[in-house]
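Accompanying notes for the structure given below.
Please read these numbers as outputs of a predicted model, since none were measured by experiment. All residue numbers in this chain count up from 1 along the given sequence.
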Amino acid sequence: MQEYLDHYLELPGAIIMFITALVVLAVLLFVIKGYVNLTAGKHGDVPRQTYVYERMFNLSQRMFELIFSGASIVFFLSVYYLIDRFLDVPSYRSFWDQYNSFLLMLFIVFSCLFNNVLDGLLIRLKFISSSDKAALRIVGMLYMFCIFMYIKFIYEDNNYDEIIAYFLGLMIGRFVYFDATFKDFLNAITDALKNIPLMILSLGYISVMALVGFGDKYLIRHNGVITNIFIAHLFMIIAIFLLQHCQFVRLLAGKREESVKTSAVKLKKKKAAKKKKRIENKKQLPALEAEDEENDIEPEDDFDEDFEEIDLETENSED
């Protein structure tokens, strides 16, 4: 186990994977930017640049969520694979052999919780709604299913048949549940289909990462394909984190412009606030004047009396 860890921490291979993850992600974001520019037009009172800004963030964060969904699933599946492969303590091994199917289901549940950590704490995806996330997680299962199909039929590895069967059951259950209507089923299909282009981009992303990793022999074939896929996803997540926090997406999105309607509403609110402030000042003015009158000091009388006393003393002294 330690030799695998030492291998994955080797700097030449790790740096190549990291640079590949950054470059490919930047290219995908430019592709999204080009698509947004081509489809941007007049959208009611929304200026074109505002539409480009919001659409760029929405599509890029959808792709991030899709990658997070796949990464969270493949993380726990790789943990499952490593435990199954390296666990050799007899007492734990007997427990594992007896309950590993239930533990696999538990790991898949944990993957959903881990997904919430990635898109809630690591990067806050503010431009996608909860319904978008639900649809993207369905597509995330399809994304993983495509990867498993590659492993089984192209890579010709039959070690994941049980996991594939579980995923088929989860996908069918996610689309069709006991109280679902046909309309609900169609809505789920429609929402999922909207994100298929992003799934294709994400599959292209992981394909390039796998091609570079296996070609450079950084990813070790005999260490399990699913483990290598997780390591590739780990570099992808690091690349997403860096490009998001260095404002790369914001640079591509440009500045948000206010619509004519929004500007008019803000101007109206500003005028109303000024008018309200003038009325309040007028109401407070009589009270302030009355307070000033109460606090006025008139020293003239006392001053004159003092002078009169001084004059009388002077006259008496002369006499």
With hydrophobic residues grouped by side-chain heavy-atom distances under 4.5 Å, do F214 and L211 end up in a single group? no
Residue pairs passing the salt bridge (charged side-chain N to carboxylate O under 4.0 Å, His left out) test where at least one lies in residues 225-247, sequence neighbours excluded: none
So, using side chain to side chain contact (heavy atoms under 4.5 Å, CB included) as the criterion, who are the partners of R93 when residues are at least two apart? D84, L87, W96, D97
Exactly one candidate in I229, V74, V139 meets side-chain contact (heavy atoms from CB on, under 4.5 Å) with M144; the answer is V74
Can you find a heavy atom in the side chain of R48 that is under 4.5 Å from one in the side chain of V52? yes
Taken in chain and number order and not counting sequence neighbours, the residues that satisfy side-chain hydrogen bond (donor to acceptor under 3.5 Å, both in side chains) with Q247 are R250
Non-hydrogen atoms of A253 and Q49 that approach each other most closely: O-NE2, 2.8 Å
To the nearest 0.5 Å, atom CG of L125 lies from atom OG of S60 at 8.5 Å
Here the pair of heavy atoms bringing F127 nearest to E54 is CD2-O, 4.3 Å
Output every pair passing salt bridge (charged side-chain N to carboxylate O under 4.0 Å, His left out) with a member in residues 195-210, not counting sequence neighbours, ordered by first then second residue. none
Please evaluate residues Y150 and V225 with respect to the criterion side-chain contact (heavy atoms from CB on, under 4.5 Å), reporting the C-alpha separation (whole Å), side-chain torsions for both, the decisive distance (0.1 Å), and the verdict. CA-CA 11 Å; Y150 167 81; V225 184; 5.6 Å; no
Show, in sequence, the C-alpha distance, side-chain angles and deciding distance for Y99 and F95, and conclude whether the ring pair (Phe, Tyr, Trp, His ring centres under 6.0 Å) test is met. CA-CA 6 Å; Y99 297 106; F95 177 82; 4.9 Å; yes
For the student: nearest non-hydrogen atoms of K126 and Q61, plus distance: N-OE1, 3.1 Å
Are L38 and Y53 joined in one hydrophobic group, where the rule is that I, L, V, M, F, W and Y side chains link up if heavy atoms are under 4.5 Å apart? no
Results of side-chain hydrogen bond (donor to acceptor under 3.5 Å, both in side chains) for Y205 - residues two or more places apart only: none
Determine whether Y143 and S69 make a side-chain contact, defined as any pair of heavy atoms from C-beta on separated by less than 4.5 Å. no
Let me confirm one number: the CG-CD1 distance from L25 to I238, rounded to the nearest 0.5 Å. 12.5 Å
Sub-6.0 Å ring centroid separation between Y80 and F76: no
pair F153-F148: side-chain heavy atoms closer than 4.5 Å: no
If hydrophobic clusters are built from ILVMFWY residues whose side chains come within less than 4.5 Å, do Y51 and L251 share one? no
State plainly whether one hydrophobic cluster holds both V89 and L103, where clusters connect Ile, Leu, Val, Met, Phe, Trp and Tyr through side-chain heavy atoms under 4.5 angstrom apart. yes
Checking side-chain contact (heavy atoms from CB on, under 4.5 Å) for the pair F57/I128: CA distance, chi angles, key distance, verdict? CA-CA 9 Å; F57 271 103; I128 57 176; over 6 Å; no
Specify the closest pair of heavy atoms between A192 and A135, including all atoms of both residues, with the distance to one decimal. N-CB, 4.3 Å
Using a 4.5 Å cut-off on heavy atoms from C-beta on, say whether the side chain of R55 contacts that of N37. no
Min side-chain heavy-atom separation T227-R85 under 4.5 Å: no
Supply the atom-to-atom distance D216 CG to M17 CE, rounded to the nearest 0.5 angstrom. 8.5 Å
If you define the side chain from C-beta out and look only at heavy atoms, does anything of I231 sit under 4.5 Å from Y218? yes
Roughly how far, to the nearest 0.5 Å, is CG of L66 from OG of S202? 4.0 Å
State yes or no: are the ring centers of F18 and F235 separated by less than 6.0 Å? no
Is N228 reaching over with its side chain to a backbone N or O of L219, donor-acceptor style, under 3.5 angstrom? no
Could you walk me through whether L252 and V36 pass the side-chain contact (heavy atoms from CB on, under 4.5 Å) check? CA-CA 11 Å; L252 292 179; V36 171; over 6 Å; no
Determine whether L198 and I200 fall in the same hydrophobic cluster, where Ile, Leu, Val, Met, Phe, Trp and Tyr are linked whenever their side-chain heavy atoms lie under 4.5 Å apart. yes
With heavy-atom distances below 4.5 Å as the criterion, would you say the side chains of L77 and F230 are in contact? no
Where do I67 and H233 land on the side-chain contact (heavy atoms from CB on, under 4.5 Å) test, with the steps shown first? CA-CA 8 Å; I67 293 171; H233 275 88; 4.3 Å; yes
Would you compute the distance between atom CG of N58 and atom CZ of R62 and round it to the nearest 0.5 angstrom? 4.5 Å
Quick one: does M63's side chain get under 4.5 Å of I32's, heavy atoms only? yes
Sidechain-backbone polar pair: E65 side chain, L136 backbone, donor-acceptor under 3.5 Å: no
With sequence neighbours left out, the residues meeting side chain to side chain contact (heavy atoms under 4.5 Å, CB included) with V208 are T20, V24, V212
What's the spacing between F145 CZ and I73 CD1 if we round to 0.5 Å? 13.0 Å
